[in-house]
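Just so it is clear, the model here is predicted, and its values are computed rather than measured. One-based numbering along the sequence shown.
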Amino acid sequence: MSNDWAFEADGHFAEQFPLSPLDDHLIHQTPDPIRIAATTDPRFFERHWNVFHDQKGDLLIATGGSFYPNLDTAEAFAIVTCRGVQRSVRAFRRIGANRGNIHVGPVQPTIVSGMREWRHVLAENDHGIRYDLTWEDTHRQMYRAAYGSLDDGGQRHVTAGFESFGRVGFWVEIEGERI
C-alpha cells in the first residue's frame, strides 16, 4: 500500500503543479489533471503507454491501455519483441464501477506510487509470453496542456498528458525461456 499523501510535503509535487499522484490513475473526468476544473468534452478517454528495453537491444516491450468511460470499455495491449520476433496480447473488458482497477485480462499494470513507481505484469495467456516489470521514476514529469495556441498556425490538440523517464527491472518469459 502506498502513502502518496506523505510525498506532498517533500516539495516533489509543488514543482509539478498541476500534476498530482492521482494523475497516474485512470480516474479523470476531463483531459486535464485532477487539480484542473472539469470540461464537458464528449470525446474523453484515459490512456497509459510505456516502452521498455534492455541495454543490448535484444528485447523491447511496449504496453498500454485505454479507458473509454462513456462507452464503458477498457482495452489493453502488450507487445514483446525479442531478438527480432514480435508477439502481442490484446484484451478488452467493461470498465464497470471501479475505475481504480486498471487490469484488463492478462495485462495487469498497478500504480504502486503515483508518478514514482508502476508494476506491469503480463499474466498467463494463450500467446506464450509473460513478464513482471517494475518501473521507477528518474525524471520529473512535465504536463502538456490540452489546448495549445492557434497563433503558431497549428491545429488545436484535444489531448493532454505527461511523459516520464525511469529505470526498469524485469523478467520476461517467452515460450518457457526466462530472460
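- When all heavy atoms are compared, the tightest approach of Thr73 to Leu71 is OG1-O, 2.9 Å.
- For the pair Asp132 (side chain) and Trp171 (backbone), a donor-acceptor distance under 3.5 Å is absent.
- Trp118 and Phe77 are members of different hydrophobic clusters when ILVMFWY side chains are connected at heavy-atom separations under 4.5 Å.
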>> If you apply the rule side-chain hydrogen bond (donor to acceptor under 3.5 Å, both in side chains), what do you find for Glu46 with Tyr68, and how did you get there?
In response: CA-CA 7 Å; Glu46 290 269 33; Tyr68 299 90; over 6 Å; no
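- No continuous path of ILVMFWY side-chain contacts below 4.5 Å connects Val104 to Ile111, so the two sit in separate hydrophobic clusters.
- The nearest pair of heavy atoms linking Gly64 to Val107 is O-CG1, 4.5 Å.
- In this structure, the side chains of Val172 and Ile174 come closer than 4.5 Å at one or more pairs of heavy atoms.
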> Could you walk me through whether Glu163 and His139 pass the side-chain contact (heavy atoms from CB on, under 4.5 Å) check?
Replying inline: CA-CA 9 Å; Glu163 59 185 32; His139 184 77; over 6 Å; no
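- By the criterion of side-chain heavy atoms lying less than 4.5 angstrom apart, applied directly or through intervening Ile, Leu, Val, Met, Phe, Trp or Tyr residues, Ile179 is grouped together with Tyr131 in one hydrophobic cluster.
- Note: Phe52 and His120 meet the aromatic proximity criterion, with ring centroids under 6.0 Å apart.
- The number of heavy atoms from other shown groups lying within 6.0 Å of CZ (Arg178) is above 12.
- In this structure, Arg167 CZ and Thr134 OG1 are separated by 11.5 Å, a value rounded to the nearest 0.5 Å.
- Both tests hold for Arg47 against Phe45: distance to the six-membered ring centre under 6.0 Å, angle to the ring axis within 45°.
- Rounded to the nearest 0.5 angstrom, Leu26 CG and Ile102 CD1 are separated by 5.0 Å.
- Val80 places none of its side-chain heavy atoms less than 4.5 Å from the side chain of Glu173.
- Across all non-hydrogen atoms, the minimal contact from Pro106 to Ala91 is CD-CB, 4.1 Å.
- Ion pairing between a basic and an acidic side chain is recognised when a charged N comes within 4.0 Å of a carboxylate O; Glu177 and Arg83 show such pairing.
- Between Asp137 and Phe165, the shortest heavy-atom distance links the atoms OD1-O, 3.5 Å.
- For the atom pair Leu133 CG and Ile61 CD1, the distance stands at 4.5 Å (nearest 0.5 Å).
- Two residues are said to be in side-chain contact when any heavy atoms from C-beta on lie closer than 4.5 Å; His48 and Pro109 meet this criterion.
- With rounding to the nearest 0.5 angstrom, the CZ atom of Arg93 is 9.0 Å from the CG atom of Asp72.
- Residues near Val85 contribute nothing to a hydrophobic cluster around it, because no ILVMFWY side-chain heavy atom sits closer than 4.5 Å to its side chain.
- Met115 places a side-chain heavy atom less than 4.5 Å from the side chain of Gln141.
- For the pair Glu136 and Arg116, the salt-bridge criterion is not met [side-chain N within less than 4.0 Å of a carboxylate O].
- Side-chain contact between Leu122 and Thr63 is absent, with no heavy-atom pair separated by less than 4.5 Å.
- Note that the SG atom of Cys82 and the CG atom of Asp54 stand 8.0 Å from one another [nearest 0.5 Å].
- Across Ile79 and Ser88, no two heavy atoms sit closer than the pair CG1-CB, 4.0 Å.
- When the salt bridge (Lys or Arg N to Asp or Glu O under 4.0 Å) test is applied to Asp58, the partners found at least two apart in sequence or on another chain are Lys56.
- Contacts of Gln108 classified as side-chain contact (heavy atoms from CB on, under 4.5 Å), with partners at least two apart in sequence or in another chain: His103, Val121, Ala123.
- Atoms OG and CH2, from Ser164 and Trp135 in turn, are 3.5 Å apart once rounded to the nearest 0.5 Å.
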